[in-house]
Structures are given as structure tokens and as C-alpha cells.
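What follows is a set of notes on a single structure, which appears directly below.
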There are 2 protein chains.
Amino acid sequence: MNKEQSHQEAVKIYKALGEPTRLHIVKLLCKHDELSCSQIEEQLNYKGSTLSHHLKQLVECGVLRLARKEGTYHFYRVNQDTLDRHVVLQPD
Amino acid sequence: MNKEQSHQEAVKIYKALGEPTRLHIVKLLCKHDELSCSQIEEQLNYKGSTLSHHLKQLVECGVLRLARKEGTYHFYRVNQDTLDRHVVLQPD
DNA sequence: TTTATAATTCTACATTTATCGATATACTAA
DNA sequence: TTAGTATATCGATAAATGTAGAATTATAAA
């Protein structure tokens, strides 16, 4: 990977975290091992379609991954290595 | 400072860095101790008014500071402590 | 199969924002 | 004072984006 690519990769990650809803999602997942979209919906005051939109972006930039499916539930996890490579998240 | 405030503060910093031009400016300043707007203009392909706009945002979120004025030159520096508290910048 | 639930995708809309030219401000030198 | 230069601010515009309702897909249970 060249400099320009890694630059854009970092930009994507910071842009993903530079939005209050998405940073909330990530912080929540840092405390919960794994969560489904509806479990996140219970904790944060947003519609499922909105959360789905944000989850997609967080997966695309590598901050999260879809780790497991059980029935209709999709469980997401933090990619801790990706996070560690770019950010220092302050605990709530 | 409460949780919500520190959350918003982190969001501002990540949002500031989640834009290619601003991340370029910050990386440049990490290598140059201090730089003026026109010195940055020499290295990055943007107009002064655009850079001024970005520098303002980077100062507002605490990533940079206006460290020194000499004549009409305004020299900016990285706030390394702020940066260290929130991000791990990959070297170019 | 039908019904219900979880998640995603689609569509629309309002808001934000990156960029840059024009203008204004601040400082220096002649 | 006048001219020149460095920044900052203003105004306009095109593009990106967060949100949520509607529709769609996928899975499970009755």
C-alpha cells in the first residue's frame, strides 16, 4: 500500500469516527463484545435504517466487522487492531 | 467536563482529521515544527483562502495552535498533547 | 404457507461543507 | 502615505451526507 492509499484509509477512519452517532456505536461496541443492530437501537435513539447506514460505513472502513449471524440477528464486533492503529479512544 | 462534552470534543477532532486536506496539513506540521499559511500553500495545491478555512477549524478543535506572528506571517504548530490524547498518526 | 421480526436497501430531503474568487484587514517597507 | 504582501473573512455554489419512512430481503415460528 502506497502513501496516498494509507492516507485515504486514515481519512476514512477519522471521517467515520467524526460523527456523533457512529462514535457512539463504536464506544458501545468497545464495551459489549458484540451487538446486533436492534440491540444498538435499544441503547441509542435512532431508527434501524439509520443505524444500518452507519454500521455499513463502519464496516467499510474496517473499524467494525460483521462477526456472526444467528437467525435474523447480525452481530457486529470492533476490529480492535484497526482501531489501535489509528485512534486512542477515551473511555466514557 | 462531562461525558457528552468530551464525546463532542472527540467528534470534532476526528471530523477535522477526516478530511484529506486537513490531514495533510497536520501531517506536514508534524514534520516541520512550525509553518505559515503561505508555506503550506507552497507544499499543498490549495488556495490560501481554503487553507485559512481549514487552519481555523484545526485550531478550533485544538489540534493546531497559532504559535507565533512575525510581521504578516502567522506560524502554526501542532498541539502534540491533544493529538496524542486522541489519535495515532501513521508516518508517511 | 402465512405471519412476524431483523436487517438492509431505496428514496427523498434538509443540512453541512469544501472550494475559491472577491473583499477586507494587518503589517512592513519605501 | 502609498504600495505590496500575508491572512482572514465573506459570499456563492456544487457536492456530500445524516436521517427516517417505505419497500425489500432473509430467517424463524406457527
Side-chain angles (χ1 to χ4, degrees), chain A residues 4 7-29 32-61 63-78, chain B residues 4 7-29 32-61 63-78:
Chain A
E4 184 55 26
H7 183 80
Q8 290 180 343
E9 191 177 86
V11 165
K12 271 196 176 182
I13 290 172
Y14 293 134
K15 179 176 292 187
L17 299 176
E19 200 283 325
T21 310
R22 285 193 293 266
L23 189 57
H24 265 134
I25 293 172
V26 173
K27 283 184 179 176
L28 202 58
L29 269 163
H32 282 88
D33 206 60
E34 66 175 18
L35 289 173
S36 67
C37 189
S38 53
Q39 286 177 316
I40 297 171
E41 201 176 355
E42 291 169 12
Q43 307 242 3
L44 307 182
N45 198 22
Y46 289 99
K47 300 297 178 183
S49 60
T50 300
L51 294 176
S52 217
H53 168 71
H54 288 310
L55 288 168
K56 186 179 181 182
Q57 292 184 61
L58 287 166
V59 168
E60 276 176 0
C61 72
V63 169
L64 302 186
R65 71 177 184 281
L66 176 52
R68 190 167 68 87
K69 295 185 183 181
E70 185 180 335
T72 60
Y73 292 91
H74 294 193
F75 291 98
Y76 290 89
R77 283 175 180 262
V78 167
Chain B
E4 184 54 28
H7 183 80
Q8 290 179 344
E9 191 178 85
V11 165
K12 270 196 178 181
I13 291 172
Y14 293 134
K15 181 176 289 189
L17 299 176
E19 201 283 326
T21 309
R22 285 193 293 265
L23 188 57
H24 264 134
I25 293 173
V26 173
K27 283 184 179 176
L28 203 58
L29 269 163
H32 283 88
D33 206 60
E34 66 174 20
L35 290 172
S36 68
C37 189
S38 53
Q39 287 177 315
I40 297 171
E41 201 175 356
E42 291 169 11
Q43 305 241 5
L44 306 182
N45 199 23
Y46 288 98
K47 300 298 176 181
S49 60
T50 299
L51 294 177
S52 218
H53 167 72
H54 287 310
L55 288 167
K56 186 180 182 183
Q57 293 184 61
L58 287 166
V59 168
E60 275 174 1
C61 72
V63 169
L64 302 185
R65 69 178 185 279
L66 176 53
R68 190 167 68 87
K69 296 185 181 182
E70 184 180 333
T72 59
Y73 293 90
H74 294 192
F75 291 96
Y76 291 89
R77 283 176 181 260
V78 167

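Chain letters run A, B, ... following the sequence lines, proteins first and then strands; every chain starts at 1. Note: hydrogens, waters and symmetry copies are ignored here, and every other heavy atom, side chains too, is used.
Taking atom CZ of residue A/Phe75 and atom C1' of nucleotide D/dT27, one finds them 13 Å apart after rounding to whole Å. Atom-to-atom, CD of A/Glu70 to P of D/dA28 comes out at 9 Å; the value is rounded to the nearest Å. As a whole-Å value, the separation of A/Glu19 CD from D/dA16 P is 18 Å. Taking atom CD on A/Gln57 and atom C1' on D/dT19, their separation rounds to 12 Å, with Å as the unit. In this structure, CG of B/Leu66 is placed 13 Å from C1' of D/dA6, rounded to the nearest angstrom. For the pair B/Tyr14 OH and D/dT17 P, the interatomic distance rounds to 19 Å; values are reported in whole Å. The nearest whole Å value for the distance from the NZ atom in A/Lys47 to the P atom in D/dG21 is 5 Å. Note: CG (A/Leu44) to P (D/dA20) measures 12 Å, nearest angstrom.
OP1 or OP2 of D/dT7 has not a single side-chain nitrogen or oxygen of B/His53 nearer than 4.0 Å. Between B/Ser38 and the phosphate of D/dT7, there is a side-chain N or O to OP1/OP2 separation shorter than 4.0 Å. Within the structure, every side-chain polar atom (N or O) of B/Tyr73 is placed at least 4.0 Å from both OP1 and OP2 of D/dT7. A/Lys15 has a side-chain polar atom (N or O) that falls below the 4.0 Å cut-off from OP1 or OP2 of D/dT17. Taking 4.0 angstrom as the limit, B/His74 places a side-chain polar atom (N or O) nearer than this to OP1 or OP2 of D/dA8.
In terms of modelled atom types and a separation under 3.5 Å, the side chain of B/Arg68 and the main chain of B/Phe75 share no donor-acceptor contact.
In the set D/dA8, D/dA6, D/dT19, the nucleotide with an atom closest to the side chain of A/Thr50 is D/dT19.
Taking every heavy atom of both residues into account, B/Val11 and A/Glu19 meet most closely at CG1-N, 3.9 Å. Considering all non-hydrogen atoms of both residues, B/Ile25 and B/Leu51 come closest at CD1-CD2, 4.0 Å. Shown here for A/His74 and A/Leu66, the closest heavy-atom pair between the two residues is CB-CD1, 3.6 Å. B/Cys61 and B/Ile13 get closest at one heavy-atom pair: O-CG1, 3.6 Å.
Atom NE2 in A/His54 sits 9.5 Å away from atom OG in A/Ser49 (nearest 0.5 Å).
Using modelled atom types and a 3.5 Å distance limit, the side chains of B/Gln8 and B/Glu4 yield a donor-acceptor pair.
When heavy atoms are screened at a 4.0 angstrom cut-off, B/Gly48 is found touching no nucleic acid atom at all. Within the nucleic acid shown, B/Tyr76 comes within 4.0 Å of sugar-phosphate atoms alone, with no base atom in reach, counting heavy atoms only.
A residue-by-residue look at B/Ser49 and A/Lys56 shows that A/Lys56 has its nearest nucleotide of DNA chain C further toward the 5' end. Of the residues near DNA chain D, B/Glu41 and A/Thr72, the one whose nearest nucleotide (by heavy atom distance) lies more toward the 5' end is B/Glu41.
The shortest distance between side-chain heavy atoms of B/Leu29 and B/Arg77 does not fall below 4.5 Å.
The footprint of chain B on DNA chain C, defined by a heavy-atom cutoff below 4.0 Å, extends from C/dT17 to C/dT28.
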